[in-house]
Q: 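This is the structure, below, for whatever I ask next.
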Amino acid sequence: RYKKYISLGIGVNAIEDSDATYSGVIDIEGPLPFSEHAELNFDTGWAAMGAIGLYLPKAWRVELEGAYRENDVDISVLSSSIPGELSGWSVMLNALKDFPNDSSITPYIGAGIGYAERELELCDLGGGSCLKDDDAGFAYQALAGLSADIGDRTQFFTDYRYFRTNDFEYNYSIPPIASLSLTGIDDVNHTIMAGIRIAFDPREAAAPLCTLEVKDKTIYFEHDIDALSSDAMNAVSQIAQDTANCAVTRLDLEGHADSSGNADYNVGLSQRRVDNTRAALISAGVAAEKIQVMAYGETRPAEGGATTDNTRDPLNRRVYIVITQ
């Protein structure tokens, strides 16, 4: 089941200074068209965002984000400076990839596409009034950041976002004096955001990264018995847990018997012991394809076990398990 979350953030926004074409018609003693180069110089502003998203398998996320950015600007044109403000909303569809590790801090990267509506307000154009116009169109962004777990459902995050629109145009009218346009504006934003991400359901924990200190396990059996004891079943449960939590790729099961009884019978007894151990591991959740089995009967006594014939020895009545990561 996918896990839903919401994110809320606030931060600072810097817009790269850019060039534009300042053009229009001034009509005082007759129409006078003009076209001039303009430079837009932005002050550092602020930004806020909210998003709703889904945690997906393999540490992917997808989210729908709404954001607002606002910056003051000075426009240098015709040996004068026009103060103003650029602000607006964006709606973005983001795809993000988390990189889980064995710490509580998770790096992530992402990218998004969407729609932006930006309003450019100009003041002191005449009569002490401010003029506003807006444009809207395609927007895109790339982001990279860090998430820190602060609870089962909550993460703190901080990230950098490169957000951009291209070739927006703003038109103004000062009847009956002039009509003005600012065109060819590339709106390049650098945003540092920080906030909280809250899951509606607990996120699936990433499998812990671990290295098994002891990779060989031994399960012992009673005389002439192939069924697993309660202690053996506890050992099977622990092996299955280690296999699930760690990068275990293979389990080699070796069945053995002591030297009491017929040698051929002991081969069959060791086979039943190893088969029953394999079945218990599969029942506990270990993938069958990871398990290999071999039955040796009484031919390979354990270290310290009896080597003489017709001897009942508990050390030799065993299934030996070699775990490979």
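Small disclaimer: the values here were computed from a predicted structure and weren't measured.
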Q: Checking side-chain contact (heavy atoms from CB on, under 4.5 Å) between F138 and each of N166, I113, D167, T165, which is the one that passes?
A: I113

Q: Quick check: Y115 with W89 (ring centres under 6.0 Å apart)?
A: no

Q: Taking atom types as modelled, find out whether D252 and Q292 have a side-chain donor-acceptor pair closer than 3.5 angstrom.
A: no

Q: Can you get from V319 to V267 by hopping between Ile, Leu, Val, Met, Phe, Trp and Tyr side chains that sit under 4.5 Å apart?
A: no

Q: If we only count heavy atoms from C-beta on, is the L228 to V236 side-chain gap below 4.5 Å?
A: yes

Q: Looking only at non-hydrogen atoms, find the nearest pair between L86 and V73 and report the distance.
A: N-CG1, 4.5 Å

Q: Taking the six-membered ring for Trp, are Y296 and H256 parallel (under 30°), tilted (30 to 60°) or perpendicular (over 60°)?
A: parallel

Q: What distance separates E254 CD from I321 CD1, expressed to the nearest 0.5 Å?
A: 10.0 Å

Q: Does N94 use its side chain to pair, donor to acceptor, with the backbone of E63 at less than 3.5 Å?
A: no

Q: Side chains of F168 and D187: does their closest heavy-atom pair fall under 4.5 Å?
A: no

Q: Which word best sums up how the rings of Y160 and H190 line up, parallel for under 30°, tilted for 30 to 60°, or perpendicular for over 60°?
A: parallel

Q: Heavy atoms only: give me the nearest C123-I82 pair and the separation to one decimal.
A: O-CG2, 3.3 Å

Q: Ignoring hydrogens and angles, state whether a donor on the side chain of N234 or Q238 is under 3.5 Å from an acceptor on the partner side chain.
A: no

Q: Taking the six-membered ring of F163, is NZ or CZ of R69 closer than 6.0 Å to its centre and within 45° of its axis?
A: yes

Q: Between A116 and A139, which heavy-atom pair has the shortest distance, and what is it?
A: CB-CB, 3.8 Å

Q: Check whether any side-chain heavy atom of S7 lies under 4.5 Å from a side-chain heavy atom of F157, and answer yes or no.
A: yes

Q: F156 vs I196, test: side-chain contact (heavy atoms from CB on, under 4.5 Å). Steps then yes/no.
A: CA-CA 5 Å; F156 170 82; I196 297 293; 4.3 Å; yes

Q: Quick one: does any side-chain atom of D226 pair with a main-chain N or O of L269 as donor and acceptor, under 3.5 Å?
A: no

Q: Do the side chains of L131 and V77 join up, straight or via other hydrophobic residues, at under 4.5 Å, putting them in one cluster?
A: yes

Q: Heavy-atom distance under 4.5 Å between the side chains of T21 and L182, does that happen here?
A: no

Q: With heavy-atom distances below 4.5 Å as the criterion, would you say the side chains of I323 and D242 are in contact?
A: no

Q: Tell me, with the steps shown, if S23 and E36 meet side-chain contact (heavy atoms from CB on, under 4.5 Å).
A: CA-CA 6 Å; S23 60; E36 297 289 339; over 6 Å; no

Q: Report the distance from atom CD of Q155 to atom OG of S104, rounding to the nearest 0.5 Å.
A: 9.5 Å

Q: Please say whether the positively charged group of R161, taken as NZ for Lys or CZ for Arg, lies over the ring of Y140, i.e. under 6.0 angstrom from the six-membered ring centre and within 45 degrees of the axis.
A: no

Q: Think R318 forms a cation-pi with F221, using NZ or CZ under 6.0 Å from the six-ring centre and within 45 degrees of its axis?
A: no

Q: Same cluster for Y320 and V293 if Ile/Leu/Val/Met/Phe/Trp/Tyr side chains link at under 4.5 Å?
A: no

Q: How about V62 and L56: do any of their side-chain heavy atoms sit closer than 4.5 Å?
A: yes

Q: Does one hydrophobic cluster hold both I198 and I150, with members joined at side-chain heavy-atom distances below 4.5 Å?
A: yes

Q: Got a salt bridge between D134 and R118, using NZ or NE/NH1/NH2 to carboxylate O under 4.0 Å?
A: no

Q: I'd like to know whether H37 forms a side-chain contact (heavy atoms from CB on, under 4.5 Å) with D19, so could you lay out the CA-CA distance, the side-chain angles of the two residues, the decisive distance to 0.1 Å, and finally the verdict.
A: CA-CA 7 Å; H37 173 75; D19 297 329; 3.4 Å; yes

Q: For I225, is there any backbone N or O sitting under 3.5 Å from a side-chain donor or acceptor partner on R273?
A: yes

Q: Is there a side-chain contact between L251 and V322 in this structure, where contact means two heavy atoms from C-beta onward sitting under 4.5 Å apart?
A: no

Q: So, do D133 and L120 sit near enough that their side-chain heavy atoms are less than 4.5 Å apart?
A: no

Q: Which value, rounded to the nearest 0.5 Å, describes the distance between L54 atom CG and W60 atom CH2?
A: 14.5 Å

Q: Would you please test N13 and N189 for side-chain hydrogen bond (donor to acceptor under 3.5 Å, both in side chains) and show each step?
A: CA-CA 7 Å; N13 188 61; N189 296 253; 2.8 Å; yes

Q: Quick one: NZ on K290 to CD1 on I282, what's the gap to the nearest 0.5 Å?
A: 12.5 Å

Q: Any donor-acceptor pair under 3.5 Å linking the side chain of D258 with the backbone of D313?
A: yes

Q: Which pair of heavy atoms, one from A235 and one from I219, lies closest together, and at what distance?
A: CB-CG1, 4.3 Å

Q: Run the side-chain contact (heavy atoms from CB on, under 4.5 Å) check on L253 and L281 step by step: do they pass?
A: CA-CA 11 Å; L253 279 55; L281 286 166; 3.9 Å; yes

Q: Considering non-hydrogen atoms only, spot the tightest contact between D17 and F42 and give its length.
A: OD1-N, 2.9 Å

Q: Can you see which heavy atom on G145 is nearest to which on D159, and at what distance?
A: CA-CB, 3.6 Å

Q: So does I105 get a backbone contact from the side chain of N101, meaning a donor-acceptor N/O pair under 3.5 Å?
A: yes

Q: Taking a hydrophobic cluster as the set of Ile, Leu, Val, Met, Phe, Trp and Tyr residues connected by side-chain heavy atoms closer than 4.5 Å, whether directly or through intermediates, do L143 and I109 fall within one such cluster?
A: no

Q: Is a side-chain N or O of K97 found less than 3.5 angstrom from the main chain of K58, in a donor-acceptor match?
A: yes

Q: Starting at CD of E85, measure out to SG of C130 and round the result to the nearest 0.5 Å.
A: 9.5 Å

Q: Just by modelled atom types, is the D98 backbone N or O under 3.5 Å from a matching donor or acceptor in the T106 side chain?
A: no

Q: Quick one: does any side-chain atom of D149 pair with a main-chain N or O of G151 as donor and acceptor, under 3.5 Å?
A: no

Q: Kindly determine whether W46 and Y68 satisfy ring pair (Phe, Tyr, Trp, His ring centres under 6.0 Å), including the steps that lead there.
A: CA-CA 8 Å; W46 64 278; Y68 178 83; 5.3 Å; yes

Q: Will you find, in the side chains of S147 and R197, an N or O donor that is under 3.5 Å from an N or O acceptor?
A: yes

Q: Answer yes if the ring centres of F200 and Y5 are under 6.0 angstrom apart, and no otherwise.
A: no

Q: Any donor-acceptor pair under 3.5 Å linking the side chain of S173 with the backbone of S179?
A: no

Q: N316 side chain to A257 main-chain N or O, any donor-acceptor pair under 3.5 Å?
A: no

Q: Find the distance between CZ (R317) and NE2 (H223) and round it off to the nearest 0.5 Å.
A: 7.0 Å

Q: Please evaluate residues Y108 and R61 with respect to the criterion side-chain hydrogen bond (donor to acceptor under 3.5 Å, both in side chains), reporting the C-alpha separation (whole Å), side-chain torsions for both, the decisive distance (0.1 Å), and the verdict.
A: CA-CA 10 Å; Y108 62 90; R61 290 185 282 124; 5.3 Å; no

Q: Would you sort out whether S259 and N310 count as a side-chain hydrogen bond (donor to acceptor under 3.5 Å, both in side chains), showing the intermediate values?
A: CA-CA 5 Å; S259 60; N310 294 317; over 6 Å; no

